[in-house]
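Here is the structure we will look at, set down as structure tokens.
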Amino acid sequence: MKLLIANWKMNPTAEKQAIALAKQADAEGVVVCPPFPYLSVVAKVLKKAELGAQNAYIEDEGAFTGETSPKQLKGYGVGYVIVGHSDRRRLGETNELVASKVAAVIKSSMVPILCVGETKNEHETGRTREIVERQLELGLSLIGRQVPAPKIIVTYEPVWAISGGDRDHEIDNPEEAAEVIAYLRKQLVQFPVRAMVIYGGSTKADNLVGLFSQKDIDGALVGGASLRPEFKKMIKIAQSYS
Ligand code: PGA
């Protein structure tokens, strides 16, 4: 089974819709990441899928207006936290802050979903590997050795392929994504983690089979399509892999 992570981003705008989306996504092998205000209600709906969050701060409590702590999230049954999404990097999140968040999420016994990916310009100037390698190395730099090694999920999301981002085309072919993911896997060997590596960026029912036929791709981080009825079809596709 391939993993599907539904990243709703700042959607939907009403609880009723959140409940409907959670019902549609509730299946084995799915992680649902709703906006914070819906965590509690979505947690109640999910029976088979797991609960994720889209962000977390680096401290457990204190004077950090507007932030949400890993400890608070854990209390809602959150098991996964997206860290370093390009939407947040665009708002000023640095690799250093991302590294602290990864460490904080692990400290609270949750699984960080670390996003890495190059911009369109970096892609066009052949810097993809250099950029993702740097984001990976810095992002994981504060993880200490532990037994067992902590679980993490690394997501390769080319910024130009994300529908909400600076995009004029999707990834040309799944091989291209798989090559970068294979490269990330090689780099990951030097870190004390147990990692899955998935792909994100305009995934939908139409292109999922192509991506998932690449053995290096363990799953997908799905934005826009997780808000549409086609997500049900994507779940079926993901579950069809042994
Ligand atoms: P998208 O979003 O599937 O809408 O491109 C993916 C993401 O940003 O996580």
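As the structure lists them, so they are numbered: ligands from 1, and atoms in each ligand from 1.
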By number and element, which atoms of ligand 1 are closer than 4.0 Å to a non-hydrogen atom of [X]?
X	result
H85	7 (C), 8 (O), 9 (O)
E157	6 (C), 7 (C), 8 (O), 9 (O)
G223	1 (P), 2 (O), 3 (O), 4 (O), 6 (C)
I162	2 (O), 5 (O), 8 (O)
G201	5 (O)

Check this for me: does any side-chain nitrogen of one of [X] and [Y] sit under 4.0 Å from a carboxylate oxygen of the other?
X	Y	answer
R185	D218	yes
E130	R127	yes
D26	K23	no

So, regarding [X] and ligand 1 (criterion: nitrogen or oxygen to nitrogen or oxygen, under 3.5 Å), is there a contact or not?
X	value
S202	yes
G224	yes
L221	no

key: Beyond-backbone contact of P35 with M10, side-chain heavy atoms, under 4.5 angstrom   = no
message = Taking Y183 as the starting point, is it possible to reach Y156 by hopping between hydrophobic residues whose side chains are less than 4.5 Å apart?
response = no
query = With the 4.5 Å side-chain cut-off for hydrophobic clustering, are V30 and L211 part of the same group?
reply = yes
query = Hey, is A225 one of the residues with a heavy atom under 4.0 angstrom from ligand 1?
reply = no
query = Does Q239 have any side-chain contact (heavy atoms from CB on, under 4.5 Å) partners at least two apart in sequence or in another chain, and if so, which?
reply = M1, A27, E28, I235
message = Side chain, backbone, both or neither: which applies to N7 and ligand 1 if a contact is any heavy-atom pair less than 4.0 Å apart?
response = side chain
